[in-house]
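Only heavy atoms go into these numbers, but all of them, side chains included; no hydrogens, no water, no symmetry mates. Both counts, for ligands and for their atoms, begin at 1 and track the order of listing.
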Amino acid sequence: MANKQAFFDYINSGYTTKGDFINLGAAMLEGETVTDAYVKIPLKTLNRHGLIAGATGTGKTKTLQIIAENLSEKGIPVLLMDIKGDLSGIAAPGENNAKIEERHKAIGFPYEAKKFPSEILTLSDQEGVRLRATVSEFGPVLLSRILDLSDVQAGIVAVIFKYCDDNKMPLLDLKDFKKILQYATDEGKEEFSEAYGRISSSSTGAILRKVVELEQQGADLFFGEKSFDPQDLLRIDENGFGYINIIRLTDIQDKPKLFSTFMLSLLAEIYATFPEQGDSGRPELVLFIDEAHLIFNEASSALLNQIESIVKLIRSKGVGLYFVTQDPTDVPDAVLSQLGLKIQHALRAFTAKDRKAIKLTAENYPISEYYKTDEVLTSLGIGEALVSALNEKGIPTPLARTMLRAPMSRMDILSENELKSLLKNSKLIPKYNEVIDRESAYEILTEKIETANKEEVKEKAREEKEAARKTTTSSRSISRRSTANPWIKTLSSPTVIRSVLGILGKMMR
Ligand SMILES: Nc1ncnc2c1ncn2[C@@H]1O[C@H](COP(=O)(O)OP(=O)(O)O)[C@@H](O)[C@H]1O
Ligand SMILES: [Mg+2]
């Protein structure tokens, strides 16, 4: 057996003694844990993002749970994307058993059962705090990226946002956006072309089709009021624990576009509203995205660019992003290269392709005299992983095969009743779940069009009446006022003048 003391020194050489950290478990040498050789993640480096990878059933989601609950305990709030619906158990204490007892004996500290303050959120009409954003908040750039629009189409979206801004017409939901799109090439054609240049109806038609596609993935539930304030993700409970916010996304697996729309809007909103963090030594918020391939697989290259740049920028706001996925290649290279923490669970070598992938994965880890990385990758047990973190100075810590601790909270979901009582005690549900549909672009435009139509009808009626009167009084001297010019006639009637100005007034407001 290799020298245990030398190995212990190797593991510890990675850390400085300053700063707080999370203890993941014990380092392993030749299949055995080494007493007191703990594998740690300094809080200071948690805004450097990370990856948790490995085959199905190897312990990725439990690793996510471990990090999340330890952050909560340190007073750092967390946001979890719960794709499979297996994370609600974080709100209940775990239970010790012989296996866990054995695991913790090997690691060297006793198992502790604990529950964590949790909030359930939802993007659809499932139970939980409703997450919504208005189209206005989303903004023309992001909306165009999400809809995968051409430059010309994106230009039109920008004009439409400008028009709504100029006319104080809130764009709240997709209904608003569709209405104005249609208005711009229909009733409002003249008005638009005068102010912004002509808009082609084939372009707005193409945009409309993309909006409908997004709607079909349930995005109409996401766009609207009341929009979610990301500050509400930062709550700390009365014991000083950070809240673990769990977004249930079980119904979103087949709706990747909605998922990426939401992710991007959330990250953009966080970026826009969180203050710049100095060197506070700890993150403000840590996000975990389980089954992360879902946001990347169907993303357009424009969207990927947007995600990449946000991943880069959001660090300075003290926000850490952790991607959990089976295969590291699910995550684009430009994102991968920005990840500070890498936790690799076991990989399976069934095919030649698998073995190639394992070789590649192994090459992305620091070289260690204690491990043959590619061999370790296929022999890791469940709840074991290769860990490469960053130390407080931003230098990678020595590669460590790690026996991970067991989650303190339940490794299973909440029962129906437990979930009900969690939802009942939520302070955010009353704040966000009321449906509001205040006057916005849709209503304003509908009214405007109706008023214009009414005027047209009135005008026609008046003309007919006039014509009738003329035939009956044809013997009398005809007034000099010309009816050939409808404009003159219209303006001569005081009631019409008022209502025409009314429409104009509304347009100008
Ligand atoms: N750190 C751990 N401590 C104890 N048991 C674990 C641990 N990690 C994984 N397990 C066991 O392995 C099972 C599968 O883990 P899970 O995290 O759901 O896998 P994955 O997300 O990779 O599919 C868990 O239900 C649990 O029984
Ligand atoms: Mg999982």
Side-chain angles (χ1 to χ4, degrees), residues 22-28 33 38-41 50-73 78 80-90 92-114 116 244 246-250 252-253 259 287-295 322-331 341-350 354 357-358 361 377-387 400-414:
I22 282 174
N23 190 340
L24 287 182
M28 300 171 78
T33 55
Y38 294 123
V39 178
K40 300 175 280 195
I41 317 174
L51 174 77
I52 303 172
T56 311
T58 53
K60 298 182 299 293
T61 303
K62 299 300 167 270
T63 298
L64 176 166
Q65 189 172 347
I66 294 164
I67 302 175
E69 55 186 29
N70 278 280
L71 286 169
S72 167
E73 202 173 30
V78 169
L80 309 179
M81 314 282 163
D82 188 8
I83 308 273
K84 285 196 175 159
D86 52 2
L87 289 169
S88 61
I90 275 184
E95 253 174 66
N96 204 350
N97 61 34
K99 264 174 140 174
I100 290 179
E101 191 78 42
E102 195 188 328
R103 179 179 285 267
H104 272 262
K105 205 166 151 222
I107 294 173
F109 56 82
Y111 177 71
E112 216 182 329
K114 240 180 235 181
F116 295 85
I244 299 188
I246 305 166
I247 309 189
R248 302 184 95 196
L249 297 163
T250 47
I252 215 164
Q253 306 218 25
F259 186 46
L287 269 79
F288 292 88
I289 304 164
D290 205 352
E291 310 285 333
H293 60 277
L294 281 178
I295 47 166
Y322 289 79
F323 301 98
V324 184
T325 194
Q326 289 186 29
D327 186 346
T329 59
D330 291 335
V331 181
L341 175 70
K342 284 187 228 152
I343 301 182
Q344 178 67 57
H345 285 269
L347 288 171
R348 309 267 177 253
F350 295 128
D354 290 343
I358 288 167
T361 305
L377 280 175
T378 51
S379 57
L380 288 164
I382 290 173
E384 291 178 17
L386 274 176
V387 177
R401 175 173 183 169
T402 308
M403 169 80 75
L404 293 151
R405 62 192 297 172
M408 293 179 266
S409 54
R410 185 187 292 170
M411 285 203 277
D412 198 356
I413 59 173
L414 293 182

Undergrad: Starting from atom 21 (O) of ligand 1, locate the nearest protein heavy atom and write down its residue, its atom name and how far away it is, to 0.1 Å.
TA: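 Answer, as residue, atom name and distance: Thr61 OG1, 2.7 Å.
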Undergrad: Could you tell me, atom by atom, which parts of ligand 1 come under 4.0 Å of a heavy atom of Ala406?
TA: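 Those of ligand 1 that fall under 4.0 Å from Ala406 are 3 (N).
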Undergrad: Within the structure, is a non-hydrogen atom of Gly25 found at a distance of less than 4.0 Å from ligand 1?
TA: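 Gly25: no contact with ligand 1 (<4.0 Å).
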Undergrad: Quick one: does Lys60 get an N or O within less than 3.5 Å of an N or O on ligand 1?
TA: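 Between Lys60 and ligand 1 (N or O atoms, distance only) the closest approach is under 3.5 Å.
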Undergrad: Can you tell me which residue and heavy atom of the protein come closest to atom 10 (N) of ligand 1, and the distance to 0.1 Å?
TA: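 Sorting protein heavy atoms by distance from atom 10 (N) of ligand 1 puts Ile382 CG2, 3.7 Å first.
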Undergrad: Side chain or backbone, does Gly59 bring an N or O within less than 3.5 Å of an N or O on ligand 1?
TA: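 Checking ligand 1 against Gly59, an N or O pair does fall under 3.5 Å apart.
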Undergrad: Can you list the ligand 1 atoms lying under 4.0 Å from a non-hydrogen atom of Ile66?
TA: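 Those of ligand 1 that fall under 4.0 Å from Ile66 are 1 (N).
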Undergrad: Any idea which of Gln326, Arg103, Lys62 brings a heavy atom closest to atom 4 (C) of ligand 1?
TA: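 Closest candidate by heavy-atom distance is Arg103.
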Undergrad: Does Gly57 have a heavy atom less than 4.0 Å from any atom of ligand 1?
TA: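 True for this residue.
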Undergrad: Could you enumerate the protein N, O or S atoms under 2.8 Å from the Mg ion (ligand 2), written like residue then atom name?
TA: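 Correct list: Thr61 OG1.
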Undergrad: Flag Arg405 as yes when one of its N or O atoms lies below 3.5 Å from any N or O atom of ligand 1, and as no otherwise.
TA: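 Looking only at distances, the answer is yes, because the N/O contact criterion of under 3.5 Å is met.
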Undergrad: Between Thr56 and ligand 1, does any nitrogen or oxygen pair lie at a separation below 3.5 Å?
TA: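 No, there is no polar N/O contact under 3.5 Å.
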Undergrad: Looking at Ala55, which atoms of ligand 1 are within less than 4.0 Å of one of its heavy atoms?
TA: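 Counting atoms of ligand 1 from 1, those under 4.0 Å from Ala55 are 22 (O).
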